[in-house]
Number of protein chains: 2
Amino acid sequence: MAEVTATLSIGQVAERTGLSVHALRFYEQQGVFVSPVRRGPGGRRVYSQDDVDWLTVCIILRASGMPLPALRRYADLVREGAGNEEERLTLMREHHERVTTQLGQLTQCLDLITFKVGVYEDLLDQERREAGPDQRRPSVDGDVPAFRPGTSA
Amino acid sequence: MAEVTATLSIGQVAERTGLSVHALRFYEQQGVFVSPVRRGPGGRRVYSQDDVDWLTVCIILRASGMPLPALRRYADLVREGAGNEEERLTLMREHHERVTTQLGQLTQCLDLITFKVGVYEDLLDQERREAGPDQRRPSVDGDVPAFRPGTSA
DNA sequence: GGTTGATCTAGAGCTGACTCTAGCTCCTAG
DNA sequence: CTAGGAGCTAGAGTCAGCTCTAGATCAACC
């Protein structure tokens, strides 16, 4: 047992995960950790590499919009141990769907932005080409040509 | 002038945009509309098709995480009329960046999920193949094999 | 005339995810 | 021995983005 499983303080974990110490305590209180965070002398939290690994997963899932309750649910299942893989699968598949939906929306948005950016670039280009400084058209009503969703390259 | 530019009540707009009437009033108060929403008899809001079109754009931008203040800023620029295309371009490019960043994160998350789903599917598959009902292994500590970011197909 | 039902305004309330504060305990260095 | 810094707990505060409520108005139908 010469394994010195590096233990980390809350500050160190904050530093290497990018979460704040506040957030770490908050996550703990929310039951996001698989194993209860151990305590060292003086009641201080002691984190293991496993904790950090788990947090890394949590951070990715959070970044993709998984709500904390779902994260807790997942942690609960993992904590329970083998035998509930179906539930974990369900949870992951649900999130998979959320994420793909989101990807769709983002892509649609990217279409829109690309379209708008193109329009404005053309406009500015044209302006520049057309004449020297100070040449203003009567103002296009509202916004440039309407974006028709699905009209992207 | 035989153009009967269909006018819509707040309820109708809510219905066809999917926003709540509350949200519509809130957006208006937040200055998200390009032209002030007109009022009909009795002070009731009267929306035009243009308003709905604009809302459609707003909804897409919101869905991709553009904050309301940015939306307002954009509306301000459009309201001002031609001449500020550079600013609009900047705004859009900024959002473009946010969106691509987000797309990256989501993709990373999708990798993770796909990996986990694969693991659980294999596990369940194996279990099913291995024997009839009730056969439980001593419990895999923590979670299945760690996910190494960037290990996806 | 009475009752819906949609709207209106102003403002309070809610949710999620943190973030911050106060007051206290430790540990370490000078 | 004391000063500083990191940590602790409990709980309050914040922010975005809505959502809901109350109390009033108004048009339309029975």
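Reminder, nothing fancy here: chain letters follow the sequence lines and each chain counts from 1.
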At under 4.0 Å between heavy atoms, what does [X] touch on the DNA or RNA strands: base, sugar-phosphate, or nothing?
X	value
R25(B)	base
P41(B)	nothing
G42(A)	nothing

Is [X] salt-bridged to [Y], cutoff N-O under 4.0 Å?
X	Y	answer
E85(A)	R128(B)	no
R72(B)	D76(B)	no
R93(B)	E121(A)	yes

Checklist line | chain A contact limits on DNA chain C, taken 5' to 3' with a cut-off of 4.0 angstrom to heavy atoms | finding: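 Nucleotide range in contact with chain A: dA17(C) to dC26(C).
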
Taking atom [atom2] of [N] as reference, at what distance in whole Å does atom [atom1] of [X] sit?
X	N	atom1	atom2	result
I10(B)	dA27(D)	CD1	P	18 Å
Q12(A)	dG5(D)	CD	P	18 Å
Y27(B)	dG17(D)	OH	P	8 Å
R38(A)	dG7(D)	CZ	P	16 Å
Q29(B)	dG17(D)	CD	P	13 Å
Q30(A)	dA10(D)	CD	P	14 Å
F26(A)	dG11(D)	CZ	C1'	13 Å

Item checked: Nearest listed nucleotide, side chain of H22(B), among dC8(D), dC20(D), dG7(D) ->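 The closest nucleotide is dC20(D).
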
Margin query: Under a 3.5 Å threshold, yes or no: a donor from one side chain and an acceptor from the other, between T56(A) and D53(A)?
Written below: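 No, no side-chain donor-acceptor contact under 3.5 Å.
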
Side-chain N or O of [X] less than 4.0 angstrom from OP1 or OP2 on [N]?
X	N	answer
R62(B)	dC18(D)	yes
S9(A)	dG7(D)	yes
R39(A)	dT9(D)	yes

Checklist line | Residue closer to the 5' end of DNA chain D, G43(A) versus P69(B) (nearest nucleotide) | finding: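 The residue closer to the strand's 5' end, by nearest nucleotide, is G43(A).
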
Next item on the list: Identify, between R44(A) and L19(A), the residue whose nearest nucleotide on DNA chain C lies closer to the 5' end.
Entry: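 On the 5' side of the pair lies L19(A).
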
Check: With a 6.0 Å cut-off on ring centres, are W54(B) and Y74(B) close enough?
Finding: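 Here the rings of Y74(B) and W54(B) have centres that are less than 6.0 Å from each other.
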
Note to self: For a quick test of reading the model, state the closest non-hydrogen atom pair linking C109(A) to I60(B) and the distance between them.
What the structure shows: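 Heavy-atom minimum between the residues: CA-CG2, 3.6 Å.
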
Check: Do the side chains of V46(B) and L19(B) join up, straight or via other hydrophobic residues, at under 4.5 Å, putting them in one cluster?
Finding: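 Unlinked, V46(B) and L19(B) end up in two clusters.
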
